[in-house]
Amino acid sequence: MNDDETADALREAIDAYLSEVDPEDLDSDDFAWCLVNALRSARERQAAGS
């Protein structure tokens with residue numbers, strides 16, 4: 001995964017997370033896991049497409 005693909009995956013995850021969570025209730029652990037899962041999914045999609 002190149003930097004552009006990584007940035008896209010993170011941007012999508014951040015947008016999705018913030019659309020579902022009130023910023024005042026943001027939980028850094030949940031947010032971190034959201035990003036981990038987004039990166040894992042992006043890597044799996046890339047591997048499946050290769």
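Ala42 pairs by the side-chain contact (heavy atoms from CB on, under 4.5 Å) definition with Met1, Ala9, Arg45, not counting sequence neighbours. Partners of Asp3 by side-chain contact (heavy atoms from CB on, under 4.5 Å), not counting sequence neighbours: none found. Checked against side-chain contact (heavy atoms from CB on, under 4.5 Å), Ile14 has the following partners two or more places apart in sequence or in another chain: Leu18, Phe31, Leu35.
Using a distance-only test at 3.5 Å, with no hydrogens or angles considered, no donor-acceptor pair links the side chain of Ser41 to the main chain of Ala38.
One hydrophobic cluster, built from ILVMFWY side chains closer than 4.5 Å, holds both Val21 and Leu10.
Counting only residues at least two apart or on different chains, no salt bridge (charged side-chain N to carboxylate O under 4.0 Å, His left out) pair has a member in residues 19-44. Identified under the salt bridge (charged side-chain N to carboxylate O under 4.0 Å, His left out) test for residues 4-19, with sequence neighbours left out: Asp8-Arg11.
Closest heavy-atom contact between Ala13 and Cys34: O-SG, 3.7 Å.
Interatomic distance, OG1 of Thr6 versus CD of Gln46, reported as 8.5 Å (0.5 Å rounding).
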